[in-house]
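Because only heavy atoms are used, hydrogens play no part in the values below, and waters and symmetry mates are left out as well, while side chains stay in.
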Amino acid sequence: MSEKRYIAIAGNMGVGKSTLTGLLSERFGWKAVFENADKNPYLPDFFSDMKRWSFNHQTFFLIERFRQHKHILTESDSCIQDRTIYEDAEIFARNLFDMGILSERDYETYRTLYQQFVSLLTPPDLVIYLRASIPKIVAHVQKRGRDYESKVQLDYLQRLNDYYDQWYNNYNHGRKLVIETESLDFVENPSDYNLVVQRIENELFGLFSNEHSN
């Protein structure tokens with residue numbers, strides 16, 4: 001796998017995206033590009049008053065994700081990214097709009113900005129969707145103990161999960177792979193981790209084989 005590849009990991013909060021990004025970076029020698037949620041100055045305000053800060057919060061993440069994606073495309077080395085620009089709009093902003101938190105005017109402005117950004121970007125070679133149930137997500141969120149995440153409601157997380165499923169099923173920008181993590185512990189259990197790696201390798205080698213056979 002000497003050719004440059006751009007891999008992205010998608011999934012709800014607390015599902016293990018950052019952890020798997022780091023593990024796969026070490027395994028394959030890819031450059032890890034992490035989501036830095038704490039860099040968002042609107043994050044604590046958003047979880048305290050979603051309606052007031054939703055547009056600021058989402059727009060900040062969208063701009064940062066665009067910069068991150070664009071930078072990855074200029075890298076000479078293979079990269080693995082923690083969360084994609086598609087999730088910002090197709091899941092998080094959509095959810096806020098459908099819940100009546102993000103106004104129609106702000107949502108339309110946001111979507112226009114998102115569509116302009118996406119039109120300028122080449123999509124990842126492979127998107128990996130980590131899927132888990134709400135109880136498992138809540139357990140992970142509680143374990144990492146971020147104060148602002150403790151205010152997230154269960155119905156909010158469930159709606160995100162539903163939108164993730166819809167988004168993944170309709171995703172058509174490139175190759176994709178879903179990994180059900182409900183019964184997996186790829187951090188503590190080496191056999192689970194090896195199973196995840198094997199699935200990804202199978203997908204990647206198929207990607208390489210198909211390209212070289214054309």
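Although no hydrogens or angles enter the test, the distance criterion places a donor-acceptor pair under 3.5 Å between the side chain of T21 and the main chain of K17. Side-chain N or O atoms of N169 include one that pairs as donor or acceptor with a backbone N or O of D165 at under 3.5 Å. A side-chain donor-acceptor contact under 3.5 Å links N194 to the backbone of P190. The backbone N or O of L157 lies less than 3.5 Å from a partner atom in the side chain of N12, making a donor-acceptor pair. The backbone N or O of N56 sits nowhere less than 3.5 Å from a side-chain atom of T59 that would complete a donor-acceptor pair. Counting only distance, with no hydrogens or angles, the side chain of K31 and the backbone of C79 share no donor-acceptor pair below 3.5 Å. Panel note: side chain Y114, backbone A89; no donor-acceptor pair is recorded below 3.5 Å. Remark: the backbone N or O of D106 is paired with a side-chain donor or acceptor of S103 at under 3.5 angstrom. For the pair Q68 (side chain) and F34 (backbone), a donor-acceptor distance under 3.5 Å is present. Checked by atom type and distance alone, the side chain of D185 pairs as donor or acceptor with a backbone atom of E188 at under 3.5 Å.
For V127 against A10, the heavy-atom pair with the smallest separation is CG1-CB, 4.3 Å. Taking every heavy atom of both residues into account, Y86 and V118 meet most closely at CE2-CG1, 4.1 Å.
For the pair L96 and F55, the minimum side-chain heavy-atom distance is 4.5 Å or more.
Ion pair D155/R159 not flagged as a salt bridge, since none of the NZ, NE, NH1 or NH2 atoms sits closer than 4.0 Å to an Asp/Glu carboxylate oxygen. Using a cut-off of 4.0 Å between Lys/Arg side-chain N and Asp/Glu carboxylate O, E64 and K39 are scored as salt-bridged. A salt bridge does not link E75 to K4: none of the charged side-chain nitrogens sits closer than 4.0 Å to a carboxylate oxygen.
Here the options are I200, I128, L177, V33, the test is side-chain contact (heavy atoms from CB on, under 4.5 Å), and the partner is I7; only I128 passes.
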Carefully, step by step, assess H173 and Y171 under the rule ring-ring contact (aromatic ring centres under 6.0 Å, His included).
CA-CA 6 Å; H173 295 287; Y171 178 81; 5.2 Å; yes

Is there a side-chain hydrogen bond (donor to acceptor under 3.5 Å, both in side chains) between Q158 and D162 once you walk through the steps?
CA-CA 6 Å; Q158 183 60 64; D162 293 341; 3.1 Å; yes

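In this structure, a donor-acceptor pair under 3.5 Å is absent between the side chains of Q198 and N202.
Aromatic pair Y107/F97: ring centres closer than 6.0 Å.
Applying the salt bridge (charged side-chain N to carboxylate O under 4.0 Å, His left out) test to every pair with at least one member in residues 78-93, sequence neighbours left out, gives these pairs: E35-R83, R65-D88, R83-E87, E90-R111.
Remark: R199 pairs with no residue by the side chain to side chain donor-acceptor pair (under 3.5 Å) rule, at least two apart or across chains.
Open room surrounds CD on E104; 12 or fewer heavy atoms of other groups in view lie less than 6.0 Å from it.
Note: H69 and Y6 have perpendicular aromatic rings, judged against thresholds of 30 and 60 degrees for the angle between ring planes. Ring geometry, Y42 versus F60: the interplanar angle exceeds 60°, so the pair is classed perpendicular (tilted spans 30 to 60°). Between F117 and F66, the angle of the ring planes stays under 30°, which puts this pair in the parallel group of the 30/60° scheme. Ring orientation note: the planes of W30 and F28 are close to parallel, at an angle under 30° on the 30°/60° scale. By the 30° and 60° cut-offs, the orientation of the rings of H57 relative to F46 is parallel.
With Y129 as the aromatic partner, K176 does not meet the cation-pi criteria of under 6.0 angstrom to the ring centre and within 45 degrees of the ring axis.
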